[in-house]
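Predicted model, so just to flag it, every value in this text is computed and none were measured. Counting starts at 1 for both ligands and their atoms, in listed order.
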Amino acid sequence: MELLREGARSLGLNLSPRHLAAFETYYKELTSWNQRFNLTAITGYEEVQTKHFLDSLTCLLALPKKEGGQAIPDTVPVQLGAHPLWCIDVGSGAGFPGLPLKIMLPEIKLTLLEATGKKVTFLQHMVQTLGLQNVEVLHGRAEEVGHLPKHRERYDFVVARAVASMCVLAEYCLPFCHTGGRMVALKGEDAEEEAHAAEEAYTLLGGSLTAVKPLPIEGLRPGSHLVVVDKHAPTPSIYPRRPGIPSKKPLC
Ligand code: SAM
């Protein structure tokens with residue numbers, strides 16, 4: 001896990017032997033399950049460290065800060081405060097970015113939401129194998145779970161990677177954020193354009209674009225960015241629309 005350790009150091013994160021052992025176990029289980037279920041196309045030891053684990057950890061740069069503030073720093077401001085941060089990973093797949101965040105910050109409360117059953121089974125297996133506490137694995141669609149009182153407007157931090165375009169993703173994610181919460185999407189080289197093209201959708205859903213942060217970090221895909229959207233007002237109850245509608249008729 002040397003590449004991960006080096007990369008994490010450039011984010012200001014010091015991975016302990018315990019963290020590294022957890023990531024090693026995650027790698028082994030991911031590649032072993034991948035022979036039976038198609039979980040990921042990225043399976044090489046080095047690529048998993050950078051393109052899955054390190055890439056996921058970059059979300060921590062945008063952890064909500066106590067006093068707010070617009071700028072996203074270059075190193076992780078780990079200051080969780082008195083109540084543990086409640087985080088949801090929407091469309092988690094094989095656990096990215098949610099599980100690496102939880103391995104790094106065991107005190108967060110985490111929900112992993114995934115629509116595909118076999119991936120949900122893998123996520124449950126990983127949570128058990130890594131002995132993670134306060135993780136809920138949910139089998140469902142964002143369009144439905146986003147209306148459940150237990151999950152609607154509850155989360156401090158909503159993360160997603162490779163799930164949908166920003167116009168669609170905003171409708172999946174912003175209903176989960178409470179007012180004052182934050183949504184972070186991992187995006188590629190078109191992030192700037194995509195993030196701005198969806199501004200109308202953020203406004204409709206009670207949010208606004210805070211930052212598009214380039215991530216010039218060795219090992220990550222060139223052009224990687226974080227798109228950070230903050231929630232300022234409740235999301236109107238009609239959103240998210242019925243399953244499939246956000247992607248068929250995007251808000252922008
Ligand atoms: N986030 C993971 C990653 O970056 O490796 C998985 C990315 S995969 C390309 C997209 C995942 O989002 C799939 O596992 C899919 O089942 C899930 N997904 C897509 N739309 C969803 C929705 N509306 N609600 C919940 N999960 C969804």
Tyr27/Tyr45 under ring-ring contact (aromatic ring centres under 6.0 Å, His included): CA gap, chis, key distance, verdict: CA-CA 8 Å; Tyr27 171 74; Tyr45 187 58; 5.0 Å; yes
Distance filter under 4.0 Å to Ala115 heavy atoms, resulting ligand 1 atoms: 25 (C), 26 (N), 27 (C)
Backbone N/O of Arg241 and side chain of Glu143: donor-acceptor pair under 3.5 Å: no
Numbering as shown, the atoms of ligand 1 that approach Lys119 to under 4.0 Å (heavy-atom distance): 13 (C), 14 (O)
Closest candidate by heavy atom, reference atom 23 (N) of ligand 1, pool Glu144, Lys118, Glu143: Glu143
Shortest protein contact, atom 15 (C) of ligand 1 (heavy atom only): Glu114 OE2, 3.4 Å
Nitrogen or oxygen atoms of His52 and ligand 1 under 3.5 Å apart: no
Taking atom 18 (N) of ligand 1 as the reference point, the nearest protein heavy atom with its distance: Gly91 CA, 4.1 Å
Shortest protein heavy-atom distance from atom 8 (S) of ligand 1, along with the residue and atom involved: Ala162 O, 3.7 Å
Where ligand 1 meets Phe96 - atom numbers and elements under 4.0 angstrom, heavy-atom basis: 1 (N), 2 (C), 3 (C), 4 (O), 5 (O)
Heavy-atom nearest neighbour in the protein, as seen from atom 20 (N) of ligand 1, with distance rounded to 0.1 Å: Val163 CG1, 4.0 Å
Leu99 side, atom CG; Ser56 side, atom OG - distance, nearest 0.5 Å: 8.5 Å
Close approach of Ser92 to ligand 1, heavy atoms, under 4.0 angstrom: yes
Expected output: side-chain Gln49 to main-chain Leu3 donor-acceptor under 3.5 Å: yes
Identity and separation of the nearest protein heavy atom to atom 24 (N) of ligand 1: Ala142 N, 2.9 Å
Contact check: Asp89 vs ligand 1, nitrogen or oxygen atoms, below 3.5 angstrom: no
Asp89 backbone acceptor or donor facing Ser92 side chain under 3.5 Å: no
Expected output: side-chain Lys187 to main-chain Leu226 donor-acceptor under 3.5 Å: no
Atom indices of ligand 1 within 4.0 angstrom of Gly140 heavy atoms, with elements: 24 (N), 25 (C)
Per-residue contact class, Pro246 against ligand 1 - non-hydrogen pairs under 4.0 Å: neither
Steps toward side-chain hydrogen bond (donor to acceptor under 3.5 Å, both in side chains) verdict (His52, Thr40): CA-CA 10 Å; His52 278 327; Thr40 176; 2.8 Å; yes
Enumerated ligand 1 atoms positioned under 4.0 Å from heavy atoms of Tyr172: 23 (N)
Heteroatom distance test (Pro97, ligand 1): nitrogen or oxygen, under 3.5 angstrom: no
Interatomic spacing from CD in Glu114 to CZ in Phe122 - rounded to 0.5 Å: 11.5 Å
Shortest protein contact, atom 5 (O) of ligand 1 (heavy atom only): Arg161 NH2, 3.0 Å
Linked, directly or transitively: Leu113 and Ile245 (ILVMFWY side chains, under 4.5 Å): no
Donor-acceptor contact present, side-chain Lys102 to main-chain Gln133, <3.5 Å: yes
Reported CH2-to-NE2 distance for the pair Trp86 and His178, which is rounded to 0.5 angstrom: 10.0 Å
